[in-house]
Amino acid sequence: TATVLAVDFLKPMRVQQPKSKTVATAKTMAILVGLVVTVLAMAYTAVVSSTNWNLLEANLRLGTMFTAPTAVAFFVGYLFRRPGTEAALIGVTTSLVLAVLLVFSKEILTLQRGISFLWVIPAATLGGLAASLIAGLFFPPASVEQLEAVGMHRRVAEGHRTSWKS
């Protein structure tokens with residue numbers, strides 16, 4: 001993981017650096033990734049021990065919590081032309097908030113029984129997509145460069161509308 005981060009993400013941002021510096025950067029990244037994973041594991045243990053979830057339920061609940069925001073980011077970029085960057089970020093954030101609210105519904109909403117984790121992905125994904133579409137009406141639309149980057153360049157070149165308002 002650390003080598004991939006150092007080579008694929010950091011190297012393109014910098015001017016050529018010596019190989020020894022690249023190795024040192026990869027080692028530093030390995031330590032940081034290890035620390036982040038350790039902290040996440042401790043947080044995971046704290047969540048599981050503070051709830052009455054078993055290990056399977058905890059994995060399903062906490063795993064699905066990040067699936068919906070990822071799906072929103074993908075589908076907004078792939079399916080919709082109107083929402084730009086700001087609208088997509090609003091949709092992803094809305095989806096994450098809904099997912100957290102659903103996963104921890106018993107604790108946050110003080111319900112007798114929590115909402116099933118099976119509702120997390122569909123509800124948070126649809127909520128995030130709706131938020132992106134609504135926010136797309138108030139924020140700048142996606143630029144031609146952004147549309148070309150996701151393969152919608154033919155639609156733009158053929159003169160299709162790039163805005164619902166036009």
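- Hydrophobic clustering (side-chain heavy atoms under 4.5 Å, transitive across Ile, Leu, Val, Met, Phe, Trp, Tyr) keeps Leu40 apart from Met42.
- The backbone N or O of Ala46 sits less than 3.5 Å from a side-chain atom of Ser49, completing a donor-acceptor pair.
- The minimum heavy-atom distance linking Gly127 with Leu98 is given by the pair CA-CD1, 3.8 Å.
- Summarising the geometry, atom CD1 belonging to Ile134 is positioned 11.0 Å from atom CG belonging to Leu129; distances are rounded to the nearest 0.5 Å.
- Closest of all the heavy-atom pairs between Ala131 and Gly91 is CB-CA, 4.2 Å.
- Note on Leu62: it clusters hydrophobically with Leu96, by side-chain heavy-atom contacts below 4.5 Å among ILVMFWY residues.
- Under the 4.5 Å side-chain heavy-atom criterion for grouping Ile, Leu, Val, Met, Phe, Trp and Tyr, Leu89 is not connected to Leu126 through any hydrophobic cluster.
- Of the possible donor and acceptor atoms, one in the side chain of Ser95 sits under 3.5 Å from a partner among the backbone N and O of Ala124.
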Would Tyr44 and Asn59 count as a side-chain contact (heavy atoms from CB on, under 4.5 Å) here? Give the steps. CA-CA 9 Å; Tyr44 181 81; Asn59 281 332; 2.3 Å; yes
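- Closest heavy-atom contact between Pro69 and Val92: O-CG2, 3.8 Å.
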Please determine whether side-chain contact (heavy atoms from CB on, under 4.5 Å) holds for the pair Phe74 and Leu79, giving the CA-CA distance in whole Å, both sets of side-chain angles, and the decisive distance to 0.1 Å. CA-CA 8 Å; Phe74 172 77; Leu79 298 176; over 6 Å; no
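- When all heavy atoms are compared, the tightest approach of Ala123 to Leu102 is CB-CD1, 3.7 Å.
- Judged purely by atom type and a 3.5 angstrom limit, Thr110 has no side-chain atom pairing as donor or acceptor with the backbone of Lys106.
- Under the 3.5 Å distance criterion, the side-chain polar atoms of Thr125 are left unmatched by any main-chain donor or acceptor of Val72.
- By the 4.5 Å heavy-atom criterion applied to side chains, Ile31 and Leu35 are counted as neighbours.
- Considering all non-hydrogen atoms of both residues, Val100 and Met65 come closest at CG2-SD, 3.6 Å.
- Side-chain contact between Phe66 and Val120 is absent, with no heavy-atom pair separated by less than 4.5 Å.
- Grouping the Ile, Leu, Val, Met, Phe, Trp and Tyr side chains by contacts below 4.5 angstrom, directly or via other members, places Phe117 apart from Val97.
- The closest side-chain heavy-atom distance from Leu101 to Leu109 is below 4.5 Å.
- Of all the heavy atoms in Ala135 and Ile90, the pair that sits closest is CB-CD1, 3.9 Å.
- If you chain together hydrophobic residues whose side chains sit under 4.5 Å apart, Ile121 and Leu118 never meet in one group.
- Here Ser132 contributes atom OG and Glu86 contributes atom CD; the two are 11.5 Å apart, rounded to the nearest 0.5 Å.
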